[in-house]
There are 2 protein chains.
Amino acid sequence: MYTTPDLRELGGANAYLRDCASRSALDLLANKWVCLVVGALARGPMRFGALRRLLDGITQKMLTRTLRDLERAGLVDRTVYPTTPPQVEYSLTSLGESVGTLLGAIRGWAEEHMHDVEAARARYDERAARPVEALSANAPTARG
Amino acid sequence: MYTTPDLRELGGANAYLRDCASRSALDLLANKWVCLVVGALARGPMRFGALRRLLDGITQKMLTRTLRDLERAGLVDRTVYPTTPPQVEYSLTSLGESVGTLLGAIRGWAEEHMHDVEAARARYDERAARPVEALSANAPTARG
DNA sequence: CGGCATCCTTATGGATACTG
DNA sequence: CAGTATCCATAAGGATGCCG
C-alpha cells in the first residue's frame, strides 16, 4: 500500500518556503527584461538609446523601469555626462557581473536542457490531442 | 531551435535577444510557484494535498496550473492511483532534478549576494529621500 | 537624448462553487 | 481527494504625448 507523507515532520511553520533568499533573488532576476539588460551590459557599458535599439521590442517605459530597478539593487551603475544632448551610460557593477555569471549558469542549463523541455511539451500536447491512447489497463497509470 | 547567443556580434538581427534558450528557460522557471514546487518535490514524491498544505498560501488553482506546466515541460511526473478516494502523486523527473540543481545555484547566489542587494536598495532609497546630497561639482556624476 | 506622466489593454492570480 | 469552471480584482505592460 501507499503511505501518506507525514506533514508533521515538516513543522508547522513552513517558513523555508515563504521566506527564502532564493525567492527574493527570483523576484529580482526572474524578469523578462532584467536578464536581457544584464546580458547586454555584460558586454560593456552602454547608453540608453543603444540599449533600446539592441533590445528590440522593449518599450522605453520598461527599459527605464528595468534600469531603475537594477540601479536600485546595486547591479547597475548610472552615469550622466552633462553634455547637450545629455548622455546617460549604464554599466554593470561587480555585483551585477556576479549576476551575469549566474545568468551564464542559467543559460548553460537552458542550452543543455531546453530542447528536452520542448520535446516533452510536444509529446504532452500530442498526447492531449489524441482522444484515448492505448493505455495499458493496469494501474497505476499516468494521465488516468 | 534556439539561436546561439553570440554577444560579440551586434549584427542588426538581435535575434539572440528575442529568441534565446535562456529566455525560454526563464519563461518556464521564473515563476513564483515553480521554484517552490520543484524545491518541495526535490525532497521526494508528494501528493497534491500535501503540496497544497506545504506551500501554505498557494491556491488550488495555482498549484494545479503549476503542476500541469511542470508536467507538460517534462520536469514532473504525475501518477494516479485509482483508489477511492483517488490519490495523485507528483515527483521530479531526472530533468526536473537538474532544475533542482539549477535552483541550488540560484540559491547559492542569493545567499551570497542578496544582502548586498538589500543594502544597495536601502542606500538608494535613503539617497532618494534626501533632497539634494552634497554632490561633488565635477562631472560626470551619478544621479545628475 | 533620456526620460516622466497618462491612458488603456491584457495577463495574473485569488475566491468561490461544483464534480467524479 | 483532486481536481474543473467561473467570476472578479489587481498588476503588468504597451501606446502616446510632453519636457529639460
Side-chain angles (χ1 to χ4, degrees), chain A residues 1-5 7 18 23 26-37 40-41 45-72 76-91 128 139-144, chain B residues 18 23 26-37 40-41 45-72 76-91 128 139-144:
Chain A
M1 190 54 190
Y2 187 73
T3 59
T4 305
L7 291 176
R18 301 179 70 80
R23 182 90 164 257
L26 284 170
D27 286 343
L28 170 64
L29 302 175
N31 184 286
K32 180 181 176 182
W33 297 116
V34 162
C35 66
L36 296 176
V37 169
L41 291 179
M46 209 175 301
R47 288 177 56 190
F48 185 90
L51 278 171
R52 177 161 52 177
R53 284 186 296 274
L54 182 64
L55 279 59
D56 183 46
I58 195 172
T59 58
Q60 173 274 322
K61 177 184 180 179
M62 293 316 298
L63 180 54
T64 299
R65 183 185 301 177
T66 300
L67 287 168
R68 280 295 110 74
D69 287 345
L70 291 174
E71 184 196 4
R72 178 169 177 266
V76 160
D77 271 339
R78 178 180 184 269
T79 308
V80 177
Y81 296 92
T83 60
T84 51
Q87 294 188 7
V88 180
E89 188 180 75
Y90 294 91
S91 59
T141 66
R143 274 277 143 242
Chain B
R18 301 178 72 80
R23 182 91 162 256
L26 284 170
D27 285 342
L28 170 64
L29 303 175
N31 184 287
K32 179 182 176 183
W33 297 116
V34 162
C35 67
L36 296 177
V37 169
L41 291 180
M46 211 174 302
R47 288 177 55 187
F48 184 89
L51 279 170
R52 178 162 50 178
R53 283 186 295 272
L54 182 64
L55 278 57
D56 183 46
I58 195 172
T59 59
Q60 171 275 325
K61 176 184 179 179
M62 294 314 298
L63 179 55
T64 299
R65 183 186 299 176
T66 300
L67 287 168
R68 283 292 110 76
D69 287 347
L70 291 175
E71 183 196 4
R72 177 169 178 264
V76 160
D77 271 338
R78 179 179 184 271
T79 307
V80 178
Y81 295 91
T83 61
T84 50
Q87 294 188 8
V88 180
E89 187 182 77
Y90 293 91
S91 59
T141 67
R143 274 276 144 241

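Values reported hereafter were calculated over all heavy atoms of this structure, with side chains retained and with hydrogens, waters and symmetry mates removed. Within every chain, numbering begins at 1; the chains are lettered A, B, ... in the order of the sequence lines, protein sequences first and strands thereafter.
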> Counting just side-chain N and O atoms, does A:Arg47 come under 4.0 Å of either OP1 or OP2 of C:dC1?
Replying inline: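 No.
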> Is the distance from OP1 or OP2 of C:dG3 to the nearest side-chain N or O of A:Tyr90 less than 4.0 Å?
Replying inline: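 Yes, such a contact exists.
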> What bend angle does the helix from C:dC1-D:dG20 to C:dG20-D:dC1 show across its length, from five-pair end axes and to the nearest 10 degrees?
Replying inline: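 End axes: 40° apart.
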>> I'd like to compare against my own output: the B/S/- annotation of nucleotides 12-20 of chain C with a strict under-4.0 Å heavy-atom distance to protein.
In response: -BBB----B
Pairing residues for [X] by the side chain to side chain contact (heavy atoms under 4.5 Å, CB included) criterion, not counting sequence neighbours:
X       : answer
B:Asp77 : B:Ser91, B:Thr93
A:Thr83 : A:Tyr81, A:Gln87
A:Leu70 : A:Val34, A:Val37, A:Val38, A:Thr66, A:Leu75, A:Val76

>> Minimum heavy-atom separation for A:Arg47 and A:Pro86, please, with both atom names.
In response: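 So the minimum-distance heavy-atom pair works out to NH2-O, 4.1 Å.
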> Given the rule in the side-chain contact (heavy atoms from CB on, under 4.5 Å) test, do A:Leu36 and A:Trp33 qualify, once you have shown the distances and angles that lead to the verdict?
Replying inline: CA-CA 5 Å; A:Leu36 296 176; A:Trp33 297 116; 3.5 Å; yes
> From the list D:dC1, C:dG3, D:dT4, which nucleotide is the closest neighbour of the side chain of B:Arg53?
Replying inline: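 Comparing D:dC1, C:dG3, D:dT4 against the side chain of B:Arg53, the answer is D:dC1.
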Report the distance from atom [atom1] of [X] to atom [atom2] of [N], rounded to the nearest whole Å.
X       : N      : atom1 : atom2 : result
A:Leu51 : C:dG2  : CG    : P     : 9 Å
B:Phe48 : D:dT4  : CZ    : C1'   : 11 Å
A:Glu89 : C:dG3  : CD    : P     : 12 Å
A:Arg68 : D:dG13 : CZ    : C1'   : 18 Å
A:Leu55 : D:dG13 : CG    : C1'   : 15 Å
A:Leu63 : C:dG2  : CG    : C1'   : 10 Å

>> So, taking the atom named OG1 in A:Thr64 and the one named CE in A:Met62, what distance separates them when rounded to the nearest 0.5 Å?
In response: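 Separation between the atoms: 9.5 Å.
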>> For a side-chain contact (heavy atoms from CB on, under 4.5 Å) check, start with the C-alpha distance between A:Leu51 and A:Ile58, then their side-chain angles and the critical distance, and finish with the verdict.
In response: CA-CA 9 Å; A:Leu51 278 171; A:Ile58 195 172; over 6 Å; no
> Among all residues two or more places apart in sequence or in another chain, which pass the salt bridge (Lys or Arg N to Asp or Glu O under 4.0 Å) test with B:Arg52?
Replying inline: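 B:Arg52 satisfies salt bridge (Lys or Arg N to Asp or Glu O under 4.0 Å) with no other residue.
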> Can you list the residues that meet the side chain to side chain donor-acceptor pair (under 3.5 Å) rule with B:Thr59, with sequence neighbours excluded?
Replying inline: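 If we apply the side chain to side chain donor-acceptor pair (under 3.5 Å) test to B:Thr59, skipping adjacent residues, there are no hits.
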